[in-house]
Amino acid sequence: MYTQSFNVPDSPGAKTVALAPSSEDPALQAAFDARIDADGRIEPQDWMPEAYRKTLVRQISQHAHSEIVGMLPEGNWISRAPSLKRKAILIAKVQDEGGHGLYLYSAAETLGTSRDQMLDGLHSGRAKYSSIFNYPTLTWADVGVIGWLVDGAAIMNQVPLCRCSYGPYARAMVRVCKEESFHQRQGYEALLVMMTGTAEQKAMVQDAVNRWWWKCLAMFGPPDADSPNSAQGMRWGIKRVSNDELRQKFVDATVPQAKVLGVTLPDPDLKWNEERQHYDYGQIDWAEFWETVNGNGPCNKERLATRVKAHNEGQWVREAALAHAAKKKAREMKDAA
Amino acid sequence: MSAAVDYLLHLADNALVLGQRNAEWCGHGPILEEDIALSNVSLDLIGQARLLYQLVATLKGGDCTEDKLAYFRDTHEFRNYTLLELPHHGPLSGYAQSSLEYGTTIVRNFLYSALMALLWEALEKSANADLAAIAAKSLKEVRYHLRHSRDWLVRLGDGTDESHARVQASLDHLFAYTQEFWAHSPAEAAAIAAGIGVDVTTLRADWDAIVDAALSEATLQRPAVSGYVTEGKQGIHSEHLGFLLAEMQSLARAHPNGVW
């Protein structure tokens with residue numbers, strides 16, 4: 001899964017980091033611009049402006065961090081999954097998120113930043129990840145709702161990234177999107193089954209929808225008017241569709257799904273607008289969103305501390321693997337000599 | 001039928017309990033690749049458990065299902081080896097807490113996979129055709145589990161001084177629990193007599209060879225064991241299984257009429 005639109009700066013405070021394109025080498029810059037204008041792909045060996053490289057490293061690493069941190073809220077329910085089938089589905093899903101993290105770190109590494117550097121950014125609190133994972137998973141229904149709504153929102157955001165101008169990221173996203181789409185359907189199916197169950201189960205689903213709906217709308221990032229990074233991202237072919245357009249698309253797609261499921265979306269202003277041919281929806285609480293992005297949400301400290309703990313406690317294992325590999329290599333060289 | 005049911009439950013409970021334990025690493029692995037690998041091992045084990053429970057449910061008939069067997073039996077009804085229910089750390093009382101310790105996980109997966117690589121192979125010839133088919137599928141999986149855990153055992157044993165000491169301590173902690181492998185339970189004896197099960201004692205020399213070769217490559221010492229032989233497969237468990245099941249079964253039991 002992932003992600004709010006990754007237009008948020010890594011360090012708290014300033015809301016934008018719109019860097020001007022490099023003008024160091026006009027010929028290279030012109031060739032780069034021509035490739036972008038022709039909707040071509042930039043590959044790791046190609047020249048690219050430093051600002052483009054930095055933006056991509058930030059965006060792809062934030063995306064990778066989101067996948068890894070995102071394993072925690074759903075992983076919270078693996079041990080208590082209410083049937084063996086659902087347990088297997090959930091483990092496989094969380095494992096897929098780990099896999100997404102792996103290809104995304106690899107894609108970012110092609111830009112010259114190591115996984116260790118990126119992880120250091122996450123663990124030190126400098127790098128951001130999707131704020132949606134700073135909310136708690138309180139019941140089993142959260143697992144289904146995360147699949148349906150959070151992964152659903154992520155797909156809206158991510159499908160356009162399959163056409164991103166940076167080749168390795170675009171190719172990673174093709175696979176990620178296929179898996180996310182599967183997760184979304186699994187989540188929805190799990191909820192459909194629960195809604196055929198007991199009154200307590202139905203109430204559990206509605207409660208989870210109530211808690212996650214607005215957080216999911218905020219995942220698309222700030223309104224276009226407040227999102228100055230987007231223009232540069234669009235110019236570079238990194239971002240293809242604006243935050244507000246994606247959010248509208250998500251709302252329009254989700255309302256009929258909620259009806260089929262038999263739940264109410266918690267927004268009294270949600271209604272069909274005949275003139276716009278879209279659903280209107282109410283005001284998102286952006287103050288709460290930014291508080292959470294900037295570290296003051298319900299689970300920010302827990303999520304980060306859990307990642308840091310796993311990393312620190314795994315240090316001796318990673319050191320052992322390196323030490324063993326070095327010993328093995330030394331023995332092989334000795335044997336060969 | 002009862003001999004088959006009891007024996008199948010022993011195999012199924014082994015797979016489920018270890019699958020549940022290994023899944024505890026999901027999101028907390030020492031490196032992302034291992035997080036993914038252990039989730040995979042866990043998925044294979046839960047898959048094996050499901051096939052075995054489904055077979056038991058068919059044999060028992062009535063309203064028995066895989067989930068009734070997994071979620072609505074109590075601690076004393078579980079038939080897994082005690083080794084598999086232990087938390088991922090050194091010896092502590094049931095309600096004591098400690099961090100997950102990778103050496104314990106690797107040593108346990110290695111000791112169990114070494115047994116199951118032999119046992120599933122032998123069970124391919126079981127008189128119960130369904131069990132033979134499950135064994136054939138499980139054998140492919142456990143060979144990967146054995147390779148994975150053996151590779152890490154060697155890396156940790158022949159890695160740094162710290163990793164060597166840690167993994168030796170895990171081995172010293174867990175090795176005594178393998179005595180249970182070789183002590184027949186009544187269910188195993190009945191299954192052997194019926195041609196369904198395999199006499200594990202006939203696998204012991206091969207298991208010793210697999211273990212000794214790996215320990216030698218890992219520069220680890222095989223602990224001498226004696227004393228208490230655990231009896232998990234007869235329903236007499238450690239303090240740890242109660243907590244594992246309390247957590248695993250809590251939601252299903254809170255909604256006994258729920259549909260999932």
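Numbers restart at 1 for each chain; the letters A, B, ... are given by sequence-line order, proteins then strands.
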Using non-hydrogen atoms only, which part of [X] is less than 4.5 Å away from chain A: side chain, backbone, both, or neither?
X	answer
B/Leu16	side chain
B/Arg253	neither
B/Trp25	neither
B/Ile46	side chain
B/Tyr102	both
B/Val167	neither
B/Ser99	both
B/Asp158	both

Quick check for you: among [options], which has the greatest number of heavy-atom pairs under 4.5 Å with chain B?
options	value
A/Ala92, A/Ala320, A/Ala323	A/Ala320
A/Lys85, A/Gln315, A/Glu319	A/Lys85
A/Ala326, A/Ala325, A/Ala81	A/Ala81
A/Ala321, A/Gly98, A/Ala190, A/Gly144	A/Gly98
A/Ala88, A/Gly99, A/Gly197, A/Ser83	A/Ser83
A/Leu72, A/Leu102, A/Val94	A/Leu102

Check whether any side-chain heavy atom of [X] lies under 4.5 Å from a side-chain heavy atom of [Y], and answer yes or no.
X	Y	answer
B/Trp260	A/Gln201	yes
B/Glu101	A/Trp316	yes
B/His255	A/Met204	yes

Rounded to the nearest 0.5 Å, what's the gap from [atom1] on [X] to [atom2] on [Y]? Could you check?
X	Y	atom1	atom2	answer
A/Asn76	B/Cys26	CG	SG	11.5 Å
B/Asn40	A/Gln95	CG	CD	4.5 Å
B/Leu45	A/Ile91	CG	CD1	9.5 Å
B/Met248	A/Ile78	CE	CD1	14.0 Å

Is chain B contacted by the side chain of [X], its backbone, both, or neither, given a heavy-atom distance below 4.5 Å?
X	result
A/Ile68	side chain
A/Lys309	side chain
A/Arg318	side chain

Worksheet item: Just checking, is any N or O donor in the side chain of B/Glu247 or A/Ser79 under 3.5 Å from an acceptor N or O on the other one?
Response: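 Yes.
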
Item to complete: Report the C-alpha separation of A/Met71 and B/Asp35 in whole Å, then their side-chain angles, then the decisive distance to 0.1 Å, and conclude whether the side chain to side chain contact (heavy atoms under 4.5 Å, CB included) test is met.
Response: CA-CA 10 Å; A/Met71 294 171 79; B/Asp35 220 294; 3.5 Å; yes

Worksheet item: Should B/Asp67 and A/Lys87 count as an ion pair when the cut-off is N to O under 4.0 Å?
Response: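 Answer for the salt bridge query: no.
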
Fill in: Basic-acidic side-chain contact under 4.0 Å: A/Arg115, B/Glu33
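Yes, this pair counts.
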
Discussion item. Please rank B/Asp161, B/Ile106, B/Leu156 by heavy-atom pairs under 4.5 Å with chain A and give me the top one.
Written reply: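 Highest number of pairs under 4.5 Å: B/Leu156.
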
